[in-house]
Amino acid sequence: MQPLIYTSDTLLTTMHLPKYRPYTLRNFRQLPQMAQLSEEQLFAIEVVGRVLPFRTNNYVVEELIDWDDIPQDPIFVLNFPQRDMLRPQHFERIATLLRAGAGEDEIRAVADQIRHELHPHPAGQMHNLPALDGQLLHGMQHKYHETVLFFPSQGQTCHAYCTFCFRWPQFVGIDELKFAMREMESLIEYLHRHPEVTDVLFTGGDPLVMKTRILASYIQPLLDTELPSLQSIRIGTKSLAYWPYRFLADDDADDLLELFGEVARSGKHLAIMAHFNHPRELSTDAARAAIGMVRETGAQIRTQSPLLAHINDRPEVWAEMWREQVRLGCVPYYMFVARDTGAQHYFSVPLARAWEIYRAAYRSVSGLARTVRGPSMSAYPGKVQVLGVSEVDGDEVFVLRMLQGRDPDWVGQPFFAQYDEDAIWLDDLEPAFGGEKFFFQN
Ligand SMILES: *Cc1c(COP(=O)(O)O)cnc(C)c1O
Ligand code: SF4
């Protein structure tokens, strides 16, 4: 068994510390592992990768993917586009263009069209733009009372791209949809005027793709300004899973850990909202060492993931992931339902099944892992948790509640929907007992 806590000494003497190398459509065929795939599979990657963002890196390829288990290996599916992720008619449109040797512009235009059909801004993201003196703040989102999301303009990419991800606008250059804000001044002014906001959540993309120097230019002003109502700075990131060397070996890794320590010393809580989709991502020396180093700074790591067909749709996978997270000192936080966009037909798990998976996993772990809440849909009215399936007066119903609501009064209120074994999202549900509307609809 490997040690859980690494010191800089054991790191330097025992670990291989590679440099980051991305693989995209441009160079993935150079990977020696591609020799295992048929020409048809390689072509499918090229077709689907035109529509869904495709990027992986040397750590994912060399340390995470099990090449003896492709094509169904969950990490392979998580990074490499698969044929069935596009509807057959969409696949054929791109495939036909590629086979005919069409020009880049033509292919891009068709890919953009398909992306728009796949619904790039679900759950009303464009409706939550806050304003200062009538001026819309494009790099922010304030949907829930106590938390403001902030999208640093330089953090709109990731060390690798998840094939299920719906945040394409940031990655694929549909500029008018891009959320970004260059200045912190408006955020600070906004926080002064909105003392109800206790949390700022840096998100993206992955904000830890930024150089520490740039990240510090976003975080430092929050520490240097008198903001008594600000309690927590959160950073949403997949770096611990996709590039743990960000914390161990990148040129500015030490500065990053130092910045984290500074937040803790300032008296604010630093919460790393870490995305882990599969227990394999917690199994490498590098990931464990990075988790240990981050925790030593005083930051707390909370974990979240969507539930995804082909990747983690079995209770044992979740139970193992939560157990391992607790053992490594992380706090399981959310299990999400795959949202109604992108390759949802490929990844979605019906709500009834999602609840079964959640419950079976929850039952088999200790109370320390039962901090996790789910399955939760981040829908337009709020985050809706499926509490379970029950029977009331002979009617089978879903019992639900809102974990977060556009209206803070909605939070915690249980409600009922007709049972529907095929429903995959809130929009598919009807109120139970012949009701016309859910309490949050008007
Ligand atoms: C999930 C989420 C948050 C944070 O909610 P918590 O329940 O406090 O973690 C904030 N804003 C938006 C838009 C969210 O989806
Ligand atoms: S790391 Fe997060 S933002 Fe980046 S592709 Fe994956 S889910 Fe999307």
Side-chain angles (χ1 to χ4, degrees), residues 22 24 52-57 60 75 77-79 81 120-130 140-152 155-172 179 196-209 231-243 246 269 271-278 281 300 302-306 308 311 331-339 341-343 347 371-374 376-385 401-406 408 410-412:
T24 65
L52 307 178
F54 168 44
R55 180 190 186 90
T56 187
N57 67 53
V60 175
I75 311 294
V77 173
L78 182 62
N79 267 196
H121 268 243
Q125 281 182 20
M126 295 301 270
H127 302 276
N128 302 308
L129 296 179
M140 286 172 57
Q141 203 183 320
H142 189 189
K143 180 168 172 181
Y144 305 135
H145 200 67
E146 68 285 357
T147 303
V148 162
L149 307 192
F150 185 75
F151 300 80
Q156 302 304 313
T157 177
C158 309
H159 290 107
Y161 294 151
C162 309
T163 42
F164 66 80
C165 185
F166 53 88
R167 302 190 184 202
W168 319 310
Q170 288 100 316
F171 309 144
V172 294
F179 300 107
E196 76 275 18
V197 176
T198 56
D199 292 33
V200 171
L201 168 51
F202 288 90
T203 180
D206 189 331
L208 296 187
V209 164
Q231 292 174 356
S232 299
I233 297 174
R234 308 195 205 180
I235 301 176
T237 182
K238 176 96 194 177
S239 302
L240 287 165
Y242 277 164
W243 187 247
R246 177 71 188 90
H269 174 53
I272 303 300
M273 312 305 290
H275 300 212
F276 289 107
N277 306 120
H278 193 276
E281 297 166 329
Q300 178 61 266
R302 291 181 177 76
T303 62
Q304 56 194 41
S305 170
L308 301 155
I311 292 181
V331 181
Y333 191 63
Y334 273 133
M335 174 204 265
F336 291 118
V337 178
R339 62 193 311 165
T341 189
F347 289 112
T371 47
V372 66
R373 289 161 305 159
S376 166
M377 290 171 269
S378 290
Y380 182 67
K383 279 195 172 66
V384 176
Q385 180 184 18
R401 76 166 165 176
M402 238 179 246
L403 294 170
Q404 281 289 8
R406 309 184 66 77
W410 298 345
V411 175

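Both counts, for ligands and for their atoms, begin at 1 and track the order of listing.
- Side chain to side chain, Q385 and Q404 fail the donor-acceptor criterion of an N or O pair below 3.5 Å.
- By the 3.5 Å distance cut-off applied to N or O atoms, Y333 is counted among the residues near ligand 1.
- Checked by atom type and distance alone, the side chain of T371 pairs as donor or acceptor with a backbone atom of P332 at under 3.5 Å.
- For atom 14 (C) of ligand 1, the choice among Q404, K383, K143, H142 with the nearest heavy atom turns out to be K383.
- Closest to atom 7 (O) of ligand 1 among all protein heavy atoms lies Y334 OH, 2.5 Å.
- Within the 4.0 Å heavy-atom shell around ligand 1 one finds L149.
- Considering backbone and side-chain atoms alike, E146 places every N or O at 3.5 Å or more from each N or O of ligand 1.
- Each of D206, T56, N57, N79 was checked for a side chain to side chain donor-acceptor pair (under 3.5 Å) with Y242, and the lone residue meeting it is N79.
- Contact annotation: R234 has at least one heavy atom less than 4.0 Å from an atom of ligand 1.
- Which parts of ligand 2 touch K238 is read off a 4.0 Å heavy-atom cut-off, strictly below it: atoms 1 (S).
- Within the 2.8 Å limit, C162 places no N, O or S atom next to atom 8 (Fe) of ligand 2.
- Figure legend: R373 and Y333 shown as a cation-pi pair, the cationic atom lying under 6.0 angstrom from the six-membered ring centre and within 45 degrees of its axis.
- Atom CG of L78 is separated from atom NZ of K238 by 5.0 Å, given to the nearest 0.5 angstrom.
- Per-residue contacts place C158 under 4.0 angstrom from the following atoms of ligand 2 (heavy atoms of the residue considered): 1 (S), 3 (S), 4 (Fe), 5 (S).
- Not a single donor-acceptor pair under 3.5 Å links the side chain of T203 to the backbone N or O of F150.
- Ligand-side atoms of ligand 1 in range of Q141: 13 (C), range being under 4.0 angstrom from any heavy atom.
- For the atom pair NZ of K143 and NE2 of H145, the computed distance is 16.0 Å after rounding to the nearest 0.5 Å.
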